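Worth saying up front: this structure is predicted, and the values here are computed from it rather than measured.
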Amino acid sequence: MSLSEQELIRRDNLEKIRALGIEPYPSSAYPVTHTAAQIHNQYTEDHSEDFKEVILAGRLMMKRIMGKASFAELQDNSGRIQIYVNRDEICPQEDKTMYNTVFKKLLDIGDFIGVRGFVFTTRTGETTVHVQELELLSKSLKPLPIVKTDAEGQVHDAVTDPEFRYRQRYADLVVNADVKEVFVKRTKMYNSMREYLNAKGYLEVETPILQPLYGGAAARPFKTHHNTLDMTLYLRIANELYLKRLIVGGFDGVYEFSKDFRNEGMSRFHNPEFTQIELYVAYKDYEWMMNTVEEMIEKVAIDVTGSTKVEVGDHVIDFKRPWKRYTMYGAIEAFTGVDISEMDEKAMRVTAQEIGVGLDPSMGRGKIIDEIFGEKCEPHLIQPTFITDYPVEMSPLAKKHRSKAGLVERFEAICNGKEISNAFSELNDPIDQRERFEAQLELGKRGDDEAMVLDEDFLRALEYGMPPTAGVGIGMDRLAMIMTNSSSIQDVLFFPQMKAEE
RNA sequence: GAUCGGUUAGCUCAGCUGGUAGAGCAAUACACUUUUAAUGUAUGGGUCCUGGGUUCGAGCCCCAGACCGAUCACCA
């Protein structure tokens, strides 16, 4: 590895610091008393007495050196604050090395320092820490990208290269203030949901990620191998089947934030690993679940953004209840003007052609409906909308509709033109479930590599009896994109999957 | 996987018809005791993504490849 000029200088500075008898990586705890944000929020000149002694720690992010007194900026977890460093104050004795050499020359942007001092307001009105003691806490050897913000808040030379930002998220976080905010919001989203579900008495659980059979969704899995057991294992594509086993076992409500893995294409909406929350509640149906999802996500929007109205791209999305509801046929009729509910496969094909939806000859009736919906309706559904009653062929784990033949009791929540949630009245008839699995096996034999596999153990569980149950999955990454106004999934994942470097 | 765009100093970006590689910030040196994108003066810093080709000569043109992004296809 060859080092740049600046990296060599920093290594040289490190040695010089050591030569002065200063440990560049001290191990003692540093007694921080304040954060930058606390001082900005709480300090006023009227009660400067309360800020006579503050201790802060963080990265040195900017130096404005001016002879015997300098200004610099310290960045901690909460933000930035200016510090004032005066030579004769940090070096009261004859020896001015700490200021002249260490502070002015050997400290670099990115170094962690600790400062003790008092808070005051400068002539230009900036709240500043007047430093009386300065300590190096950790030396930085690699120069950070320099991003500057001027008085108008205008950011100069922002690091926008996605490759740099995703591969070196640690540096992205240091340098781009708003990135942290995205991830704080993401965590708030999780907390908000936990709060909501725990208050209802549902139990947060954990189920296997390494599974001998993958199930619960139509997707290609990652495959791995356990050496001792000498068996093939799959990374889960969904946790549905395990959570339903827990409902069989007698829990009334269980949920899991589930990291799932799908061995499929990547795009700004797809990362090979992603997170869903799945929730299963006994003695409920999909109608109940729609109300629950609505209520929960409305709360999430308020907890995360402070409002039910969330700005996303060019739109303002309002999560205020109640959300619009369409049946799938109803949505198709609303957006194309054609009622296809009574059509057979042949008639549907003709209709699809007429309205300009391209079809594959292998597609069955259910798939055709989905295709028309995906082409003609979904992209237009910006405000949160429930689509209900899906064709049975596409939903092997959902209960048949109580009154409409050929359909299942299923809904998806669509928002900003994308699915964010999928739910059904769960199929609990073990014989029906076996037949549905068998139909999937047929699809598999015909070459559908996303067809589900038959899970005997799951069927055994259902045979013991599962209460009527409503289940839902909500895509956490997709929801995070909406709640943080991010246009790609990579922006809401700390470390999105990337090709290997070099 | 397909199409299009990008890749030049630590960072953000220029780079003419193909003729010795540029700026700002950062860095280095000096000056400066309330600055704030601090300022002034000076200096150093390049595998122009990689490999071929055309040419007297390639950052630029041609071919192949790598990585990133956008759009499309599949999927959540």
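- The CZ atom of A/Arg11 sits 17 Å away from the P atom of B/rA27 (whole-angstrom rounding).
- Using a 4.0 Å heavy-atom distance criterion, A/Arg87 is classed as making no nucleic acid contact.
- Summarising the geometry, the separation between CD1 on A/Ile9 and P on B/rG10 is reported as 12 Å, rounded to the nearest angstrom.
- Counting non-hydrogen atoms under 4.0 angstrom, A/Lys367 reaches the backbone sugars and phosphates but no base.
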TODO: Under 3.5 Å for both distances, Watson-Crick or G-U wobble, that's the pair rule; now give the dot-bracket for RNA chain B, with | marking pairs to another strand and [ ] for crossing ones.
DONE: (((((((..((((.....[..)))).(((((.......))))).....(((((..]....))))))))))))....
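- Within 4.0 Å (heavy atoms only), A/Leu144 reaches no atom of the nucleic acid at all.
- For B/rU34, its base never sits under 3.5 Å from the side chain of A/Arg123 at any donor and acceptor pair.
- Checking A/Pro145 against A/Lys68, the closest nucleotide of RNA chain B that is more toward the 5' end is the one next to A/Pro145.
- No engagement by A/Phe261 is indicated, since no non-hydrogen atom pair under 4.0 Å with the nucleic acid exists.
- By the 30° and 60° cut-offs, the orientation of the rings of A/Phe411 relative to A/Phe386 is perpendicular.
- Note: A/Ile83 CD1 to A/Leu134 CG = 6.0 Å, rounded to the nearest 0.5 Å.
- With centroids closer than 5.5 Å and planes inclined by less than 30 degrees as the test, A/Phe274 and the base of B/rA76 pass as a stacked pair.
- Regarding A/Leu381, its CG atom lies at a distance of 17 Å from the P atom of B/rA76, rounded to whole Å.
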Between the protein and nucleotides 47-51 of chain B, which nitrogen or oxygen pairs are less than 3.5 angstrom apart?
none

Can you tabulate the close N/O pairs, meaning under 3.5 Å, that link protein atoms to atoms of nucleotides 42-46 of chain B?
unit_1 : atom_1 : unit_2 : atom_2 : d
B/rG44 : O2'    : A/Glu5 : OE2    : 3.2
B/rG44 : N2     : A/Glu5 : OE1    : 2.5
B/rG44 : N3     : A/Glu5 : OE1    : 3.4

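- Picking from B/rU35, B/rU33, B/rU71 the nucleotide with the shortest atom distance to the side chain of A/Asn86 gives B/rU33.
- A salt bridge does not link A/Arg10 with A/Glu7: none of the charged nitrogens is closer than 4.0 Å to a carboxylate oxygen.
- What separates NZ of A/Lys104 from C1' of B/rU33 is a distance of 11 Å, to the nearest Å.
- Both cation-pi conditions hold for A/Lys63 and A/Phe103: the charged atom is under 6.0 angstrom from the six-membered ring centre and inside a 45 degree cone around its axis.
- Contacts between residues 161-176 of chain A and RNA chain B, defined by a heavy-atom separation under 4.0 Å, are made by A/Asp161, A/Pro162, A/Glu163, A/Tyr166, A/Arg167.
- A/Asn271 comes within 4.0 angstrom of a nucleotide base, judged by non-hydrogen atoms across all strands.
- Within 4.0 Å (heavy atoms only), A/Asp88 reaches at least one base atom of the nucleic acid.
- Pairs of residues two or more places apart, or lying in two chains, never qualify as side chain to side chain donor-acceptor pair (under 3.5 Å) while including a residue from residues 369-379 of chain A.
- Note on A/Arg349 versus A/Glu345: salt bridge recorded, some NZ/NE/NH1/NH2 to OD/OE distance being below 4.0 Å.
- Taken residue by residue, residues 73-85 of chain A places heavy atoms nearer than 4.0 Å to RNA chain B at A/Gln82, A/Tyr84.
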